Amino acid sequence: MTFFARRDGRREDRDSSREKFIATIAILSVACLLTGLASIALGAAAIAPARIVLILQGEFAQSADAMIVLNIRLPRTLLGFLIGGALALSGALLQALFRNPLADPGVVGISAGAALAAAAAIVLGDRIAAPLMSAYSVWALPIAAFLGGLVATTLLYVLSTRLGRTSIATMLLAGIGVGSFAGSLTGLLATISDDRQLRDLTFWLLGSLGGANWSKATVAAALITPVFLAAPFLARSLNALALGEAEAFHLGVRVERDKRIMIALAALAVGVGVALAGPIGFIGIVAPHLIRLTVGADHRLVLPASIFLGGSLLVLADILARTIAAPAETPIGILTGLIGAPFFLWLLSTRMRHFE
Amino acid sequence: MTDAILTAESLTYRAGSSVLIADASLELAGGRMTIVIGPNGAGKSTLLKLLTGELRASDGGVILLGGNLAAFQPWRLACIRAVMPQSGAVSLPFTVREVAGLGVDGVGRSLSRGEKSALIGRALETADVSHLASRLIGTLSGGERQRVHFARVLGQLAAGRTVAERQILFLDEPTANLDLRHQLDLLDAAARLAGEGVAVVAVIHDLNLAAAYADDLIVLNNGKIAARGAPAKVMTDALMSEVFRLDVKVGAPPPGNIPFIVPSRRAAAPQI
């Protein structure tokens, strides 16, 4: 197809942008549909796609298959799409904001801050506010993680902003500091946790969609969907920021306001993802990169396409996570790392010249 | 001058204990090309940043079209003035057309897709980068990239003209990486814009180019405006020698048999 990247790194002119947008989103929607169907079909008990369609239409309501599809795999798949999309979107936002195509929620310490807050809620929540935690735990973790991510990001922002201007380099370095500190505190929490908490914590810190249920999927949908809907309004600002903050201002962008919105959206997306599935790496780097390499860097397309691709990738990783060592589940963070890290290094070595 | 689009009144800018711009007053009028010259560290870029609104003056103020520059919304400001920066690094793999389109996209919100595309096409043409339109910006040479940014600001001005009648174009060392022909092409295009009523302000290091294109020359030295006026009046042996700390003779060929090439502008100076 002509609108995809050719080997020489040229792309079609912007004039074909609407066709490119529609074709890209259509292809990614089909990919989502297929991975979604596979995710519902595959697992300890395989269920034929035709039967899944019938079950979704309300047939076989009393069967074990219907129970598996409706109560286990469907919410898990939806959760995977939402969190994968959120991670990919936050990666795309941070990469534009920090003018660094290698930025990732993990790199700038947002994941670590979110994880610390969520770990604190797991370990300390029982002791401090046990009734509250048991009643609202499904909301408590995402909100704690969002606040943790927001605190980490705000801290970075304050550390690296002078006279209303943010230095990207300082911010990245501060991110390493904040991330290490949050990581150490999380480790400290692990040492004071009891056996059950430690097991919870360890498995959760590796990342997993294993605990998915409808209440988690609902929480994820309620908190992440607004981020998906709000982010595309920032596309123009993100495009302009690629030239630099001063240049974006000259182009008419309200730089400081838009940066704050981007940080809040990224923190919310990462916080919810971390809280419900643990810190899952590399989706935030791999998905936006793949999109940019194939259809270009215009955020009007990169943002929605990253959401779709990130969702598919995470659902795909989750299918592998529960099938390769079945009946045992492999933590999904290990899988995204195993596949994502070498892929990322390959991208780096072959494509870095395009990013200056 | 009563036709001033922008008036700066005793601008002073301090960073820490050092004064980068001291008590600078100037007016920018439509239809005139103002060129700022001066040695490294004279404050040329700082002065430009104060005039574009990127920096806020420590003392003094900038009046744009009768209003306080600091009170303008960024979008409104972007319709009135475009700024071509010194360094043109782009952090993401955009194509040339996409980068050039950023100016039109941001400012021309009310334009149709066809109108935008036509403005971008014309800007690419003027900056002589049409043939690079589908290349990735990161694969271009420094000079080519600079021309793409020139196309971007041309597009921004053209889109802004649908909203704002009186405009300013700021160019910070626009000719730094360009070959001789493209230097003249760029400055000719800027002079044509001035001919259409835009106030053009450029920082230029090449004194010969500055002399050839300036309606108004501003000589900056140690953060102060040392002289201002027509090149023939301002470029004297004494002032140039003093400001650039070098013994120079204006208009004298180099001694000995050294060949020298001084470009002269091709388009006639606009009649004012």
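Just so it is clear, the structure is predicted and the values come from calculations on it, not from any experiment. Below, read A as the first sequence line, B as the second, and so on, with proteins coming before strands; counting in each chain starts at 1.
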Do other residues, nucleotides or ligands put more than 12 heavy atoms under 6.0 Å from B:Glu125 CD? no

Step by step, would you call B:Arg97 with A:Asp298 a salt bridge (Lys or Arg N to Asp or Glu O under 4.0 Å)? CA-CA 11 Å; B:Arg97 175 175 280 272; A:Asp298 188 340; over 6 Å; no

Determine whether more than 12 heavy atoms belonging to other residues, nucleotides or ligands lie under 6.0 Å from atom CD of B:Gln86. yes

Determine, stepwise, if the pair B:Met84 / A:His250 fulfils side chain to side chain contact (heavy atoms under 4.5 Å, CB included). CA-CA 9 Å; B:Met84 180 173 162; A:His250 294 149; over 6 Å; no

Closest non-hydrogen atom pair, A:Ala297 against B:Pro93: CB-O, 3.6 Å

Name, in order of residue number, those residues of residues 65-80 of chain B that have a heavy atom at a distance of less than 4.5 Å from a heavy atom in chain A; otherwise write 'none'. B:Gln73, B:Pro74, B:Trp75, B:Leu77, B:Ala78

Find out whether B:Leu92 and A:His299 are in side-chain contact, i.e. whether some heavy atom of one side chain is under 4.5 Å from a heavy atom of the other. yes

Nearest 0.5 Å, what's the CG-CZ distance between A:Leu243 and B:Arg152? 5.0 Å

A:Ala242 versus B:Phe94, closest heavy-atom pair with distance: CB-CE1, 3.5 Å

Compare all side-chain heavy atoms of B:Val90 with those of A:Glu247 and state whether any distance is below 4.5 angstrom. no

Is any side-chain heavy atom of B:Val83 closer than 4.5 Å to one of A:Phe249? no

Evaluate whether atom CZ of B:Arg56 has more than 12 neighbouring non-hydrogen atoms of other residues, nucleotides or ligands under 6.0 angstrom away. no

When the 4.5 angstrom heavy-atom criterion is applied to A:Arg236 and chain B, the contacting part is side chain

Contacting region of B:Lys49 [heavy-atom separation from chain A under 4.5 Å]: neither

So which part of B:Arg81 gets closer than 4.5 Å to some heavy atom of chain A, the side chain, the backbone, both or neither? both

Is any side-chain heavy atom of B:Asp105 closer than 4.5 Å to a side-chain heavy atom of A:Asn239? no

